[in-house]
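Please read the structure below before turning to the comments.
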Amino acid sequence: MASPSSLPASSSENPSSDLLKEIRSHEIAISELNSLATSRNVYQKNGGLFFRKSIQTAIQSEQKQLDTAKELLQKMDTDLK
């Protein structure tokens, strides 16, 4: 999944809604990865290329991106208050 810095410029007026969509996307990806057999490999997009990874590695990467997006959203919310 894309990290916040790699997303194209948002066309919406509300960047927090874009972050919420990104967070939801990472949550769905993690859920889908958890439903696969652990012996399988998956392809994960990094930049413009796809790399074959184990499911555990892909889940860790998605979780890291999810945590980063949540931190950004929390920072945006505290900055607005």
Side-chain angles (χ1 to χ4, degrees):
M1 301 264 69
S3 66
S5 60
S6 68
L7 288 175
S10 172
S11 61
S12 79
E13 301 273 333
N14 190 353
S16 63
S17 70
D18 291 339
L19 269 176
L20 287 172
K21 288 178 186 177
E22 182 182 343
I23 288 169
R24 184 67 181 142
S25 175
H26 289 302
E27 291 171 343
I28 291 170
I30 291 169
S31 176
E32 290 294 324
L33 287 166
N34 282 324
S35 70
L36 296 174
T38 56
S39 61
R40 294 190 56 182
N41 285 323
V42 295
Y43 288 90
Q44 186 174 28
K45 190 173 183 178
N46 189 0
L49 301 173
F50 288 90
F51 294 92
R52 188 170 65 177
K53 297 185 175 189
S54 70
I55 290 177
Q56 286 303 95
T57 304
I59 289 173
Q60 290 172 353
S61 175
E62 286 294 324
Q63 187 64 49
K64 184 177 178 182
Q65 292 176 19
L66 174 62
D67 293 342
T68 301
K70 284 182 177 181
E71 288 173 12
L72 281 172
L73 182 62
Q74 185 177 16
K75 183 179 178 189
M76 286 176 61
D77 286 344
T78 57
D79 288 347
L80 291 175
K81 292 180 182 181

(message) Strictly distance-based, threshold 3.5 Å: is any side-chain N or O of Ser25 a donor or acceptor partner for the main-chain N or O of Lys21?
(response) no
(request) Report yes if the side chains of Leu73 and Lys70 come closer than 4.5 Å at any heavy-atom pair, otherwise no. (result) no
(message) With rounding to the nearest 0.5 angstrom, report the OG1 to CG distance, Thr68 to Leu19.
(response) 10.5 Å
(message) Just verifying a value: how many Å separate Ser39 OG and Ile55 CD1, rounded to the nearest 0.5 Å?
(response) 7.0 Å
(request) Hey, could you give me the CD1/CD distance between Ile28 and Glu62, rounded to the nearest 0.5 Å? (result) 11.0 Å
(message) Test question: given the 4.5 Å side-chain rule for I, L, V, M, F, W and Y, name all other residues clustered with Phe51, or answer none.
(response) Leu49
(message) In the structure I gave you, are the side-chain heavy atoms of Lys75 and Asp79 within less than 4.5 Å of one another anywhere?
(response) yes
(message) With heavy-atom distances below 4.5 Å as the criterion, would you say the side chains of Gln65 and Glu22 are in contact?
(response) no
(request) Mind listing the closest non-hydrogen atom pair of Val42 and Ser54 along with its distance? (result) CG2-O, 4.1 Å
(request) State the CD1-CG distance between Ile59 and Leu66, to the nearest 0.5 angstrom. (result) 12.5 Å
(request) Measure the shortest side-chain to side-chain distance between Gln60 and Gln63 over non-hydrogen atoms and say whether it is less than 4.5 angstrom. (result) no
(message) Under the rule for side-chain hydrogen bond (donor to acceptor under 3.5 Å, both in side chains), what residues qualify as partners of Ser31, not counting sequence neighbours?
(response) none
(request) State the NZ-CG distance between Lys53 and Leu33, to the nearest 0.5 angstrom. (result) 11.0 Å
(request) Not counting sequence neighbours, which residues clear side-chain hydrogen bond (donor to acceptor under 3.5 Å, both in side chains) with Glu27? List them please. (result) none
